[in-house]
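One structure is given here, and the rest of the page talks about it.
Per chain, numbering begins at 1; letters A, B, ... match sequence-line order. All values reported here derive from a predicted model rather than from experimental measurement. Below, all heavy atoms of this structure are taken into account, side chains as well, without hydrogens, waters or symmetry copies.
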Number of protein chains: 2
Amino acid sequence: MSSRKRESTGFLLKQRAFLKLYLITNIENGRWYGLQLLDEMRKEFQPFGFEPQHSEIYRALHDLLEDGILTRGKIKKGDSKYQEVAVYSIKDKEKAKTYKKMVKADLDRSSQILRKALEDNYS
Amino acid sequence: MSSRKRESTGFLLKQRAFLKLYLITNIENGRWYGLQLLDEMRKEFQPFGFEPQHSEIYRALHDLLEDGILTRGKIKKGDSKYQEVAVYSIKDKEKAKTYKKMVKADLDRSSQILRKALEDNYS
DNA sequence: CGATGAACACCATGTTCATTA
DNA sequence: TAATGAACATGGTGTTCATCG
């Protein structure tokens with residue numbers, strides 16, 4: 001029951017968790033589909049030199065589906081072209097909240113590690 | 001000459017660079033050998049749940065040798081046992097300084113990304 | 001061609017094995 | 001057994017390919 005297995009050495013937060021966090025927050029505030037979310041992320045983080053890939057966004061979305069946090073529907077886009085896109089919405093608010101709380105802990109921890117490094121090496 | 005190739009998508013600082021930074025700083029302040037440096041890092045970061053592996057420390061040290069930043073000598077340990085250890089010292093102070101400056105930029109950038117995430121997702 | 005997704009490839013790093021003092 | 005190092009294995013993520021509307 002308690003056979004602990006190290007899952008990593010615990011350095012910084014992984015990109016996947018970071019993206020999942022943002023996806024949840026964005027989807028909480030409206031309906032979005034994959035490439036839209038990608039563009040949003042890229043726009044936000046371009047100033048910081050971070051440019052996520054489309055496949056990683058999709059993987060994060062699929063993760064969130066498996067986690068039971070999001071649900072997906074297909075709708076036709078309202079533009080001149082009539083193409084189906086996959087739109088997401090929150091399925092389980094509690095799970096979403098729990099996940100965000102988990103990631104926050106890791107964000108805080110990671111921030112502390114970086115801050116310590118700045119203190120220890122540039123004094 | 002200017003055929004730029006993306007080396008990564010630019011998420012957070014890599015562990016390797018992080019370790020190399022600490023190794024330089026520690027070695028600037030005295031002579032150390034590998035496992036000693038490992039123990040030191042583990043002690044420092046245990047509170048943050050980060051526990052680097054020995055092989056990664058060695059890889060970082062070898063990198064710094066290749067970079068021409070460190071130099072290595074073999075000496076006998078002063079203890080009851082007479083075993084040779086590999087001790088390191090700074091070979092090129094300028095290069096060391098330059099490297100540390102590079103990593104600082106990445107540390108700052110990474111910190112900003114994390115801070116932004118905290119602001120954007122927990123307001 | 002835009003959107004989604006899967007397959008494939010690579011690199012950073014973790015785990016295990018070998019050597020020597 | 002401590003210390004170093006190399007070999008091997010895996011995970012996370014980037015790149016490419018396939019499909020469908």
Side-chain angles (χ1 to χ4, degrees), chain A residues 4-20 22-23 31-42 45 49-66 70 72-88 106 110, chain B residues 4-20 23 31-42 45 49-66 70 72-88 103 106 110:
Chain A
R4 294 272 143 188
K5 188 80 175 290
R6 167 164 294 296
E7 60 228 14
S8 92
T9 49
F11 189 49
L12 303 178
L13 180 74
K14 296 283 186 297
Q15 181 183 172
R16 177 76 53 87
F18 184 89
L19 292 182
K20 285 169 77 174
Y22 266 93
L23 296 180
R31 318 197 110 226
W32 298 72
Y33 65 93
L35 282 201
Q36 233 178 359
L37 290 155
L38 175 65
D39 288 345
E40 172 66 13
M41 296 288 300
R42 285 189 169 173
F45 287 100
F50 170 43
E51 233 182 311
Q53 297 306 113
H54 83 274
S55 53
E56 189 56 21
I57 295 278
Y58 287 125
R59 279 190 285 247
L61 285 168
H62 300 339
D63 264 27
L64 290 167
L65 286 178
E66 277 189 21
L70 295 187
R72 174 180 54 186
K74 296 238 177 190
I75 64 160
K76 302 204 199 299
K77 236 169 84 177
D79 300 33
S80 53
K81 313 211 171 148
Y82 25 138
Q83 174 164 15
E84 267 193 354
V85 296
V87 289
Y88 293 86
D106 211 3
S110 301
Chain B
R4 292 273 144 187
K5 187 81 174 288
R6 167 165 294 296
E7 58 228 17
S8 92
T9 50
F11 190 48
L12 303 178
L13 180 72
K14 296 280 187 298
Q15 181 182 173
R16 178 77 52 88
F18 184 89
L19 293 181
K20 285 169 77 174
L23 296 180
R31 317 197 111 226
W32 298 72
Y33 65 93
L35 283 200
Q36 233 178 1
L37 289 156
L38 175 64
D39 288 344
E40 171 67 13
M41 296 288 300
R42 285 189 169 171
F45 287 101
F50 171 43
E51 232 181 312
Q53 297 306 114
H54 83 274
S55 53
E56 188 56 21
I57 295 278
Y58 286 125
R59 278 189 286 248
L61 284 168
H62 300 338
D63 263 26
L64 289 167
L65 287 178
E66 277 189 21
L70 295 186
R72 174 181 55 185
K74 295 240 178 189
I75 66 161
K76 301 203 199 301
K77 235 169 82 177
D79 301 32
S80 54
K81 313 211 172 152
Y82 25 138
Q83 174 163 15
E84 267 194 354
V85 297
V87 289
Y88 293 86
V103 177
D106 212 3
S110 301

> Quick one: B:L38 CG to D:dA3 C1', roughly how many Å, whole number?
Replying inline: 11 Å

> For the pair made of CH2 in B:W32 and C1' in D:dA2, what is the distance, rounded to whole Å?
Replying inline: 17 Å

>> I need the CG-P distance between A:D63 and D:dG12, as an integer number of Å.
In response: 10 Å

> Does A:H54 get its side chain close enough to the base of C:dG5, under 3.5 Å, for a donor-acceptor pair?
Replying inline: yes

> Rounded to whole angstroms, how far apart are CG on B:L12 and C1' on D:dG14?
Replying inline: 16 Å

> For the side chain of A:Y33, counting heavy atoms from C-beta on, which of C:dG5, C:dA3, D:dG5 is nearest?
Replying inline: C:dA3

> What's the closest nucleotide to the A:E56 side chain, out of D:dT4, C:dT4, D:dG14?
Replying inline: D:dG14

> Rounded to whole angstroms, how far apart are CZ on B:R42 and P on C:dG14?
Replying inline: 10 Å

> Among D:dT13, C:dT4, C:dG14, which is the nearest nucleotide to the side chain of A:T9?
Replying inline: C:dG14

> Choosing from C:dA3, C:dT13, D:dT15, which nucleotide comes nearest the side chain of B:K14?
Replying inline: C:dT13

> Counting only distance, no hydrogens or angles, is the base of C:dT15 paired donor-acceptor with the side chain of B:S55 under 3.5 Å?
Replying inline: yes

>> Assuming nearest nucleotide by heavy-atom distance, tell me which of A:F11 and A:V87 is located more 5' along DNA chain C.
In response: A:V87

> In whole angstroms, how far is the C1' atom of C:dG14 from the CD1 atom of B:I57?
Replying inline: 13 Å

> Roughly, in whole Å, what's the span from CG in A:D106 to P in D:dG12?
Replying inline: 13 Å

> Checking side-chain contact (heavy atoms from CB on, under 4.5 Å) against A:Y88, which of A:L65, A:L64, A:L23 comes through?
Replying inline: A:L65

>> Using a 4.0 Å heavy-atom cut-off, does A:F50 contact any base of the nucleic acid, only the sugar-phosphate backbone, or nothing at all?
In response: nothing

> Hey, which of A:L61, A:L70, A:D63 is the one that makes side-chain contact (heavy atoms from CB on, under 4.5 Å) with A:K20?
Replying inline: A:D63

> Can you check the B:L35 CG to C:dA21 P distance for me, whole Å?
Replying inline: 17 Å

> Counting side-chain heavy atoms from C-beta on, which of D:dG5, C:dT4, D:dG14 comes nearest to A:Q53?
Replying inline: D:dG14

>> Given 3.5 Å as the limit, does a donor-acceptor pair link the side chain of B:E56 with the main chain of B:Q53, or not?
In response: no

> Between B:R72 and D:dG5, is there a side-chain N or O to OP1/OP2 distance below 4.0 Å?
Replying inline: yes

> Taking the six-membered ring for Trp, are A:F11 and B:F50 parallel (under 30°), tilted (30 to 60°) or perpendicular (over 60°)?
Replying inline: tilted

> Any side-chain N or O of B:Q15 less than 4.0 Å from the OP1 or OP2 oxygen of C:dG14?
Replying inline: yes

> Would one find a side-chain N or O of B:R59 under 4.0 angstrom from OP1 or OP2 of C:dC11?
Replying inline: no

> Does A:Y58 have a side-chain nitrogen or oxygen under 4.0 Å from the phosphate oxygens OP1 or OP2 of C:dT4?
Replying inline: yes

>> For B:P52 versus B:M41, what's the shortest heavy-atom pair and its separation?
In response: CG-CB, 4.0 Å

> Checking all strands, does A:F18 fall into the base, sugar-phosphate, or nothing category for heavy-atom contacts under 4.0 angstrom?
Replying inline: nothing

> Is the backbone N or O of A:L12 less than 3.5 Å from a side-chain atom of A:S110, with the two atoms forming a donor-acceptor pair by type?
Replying inline: no

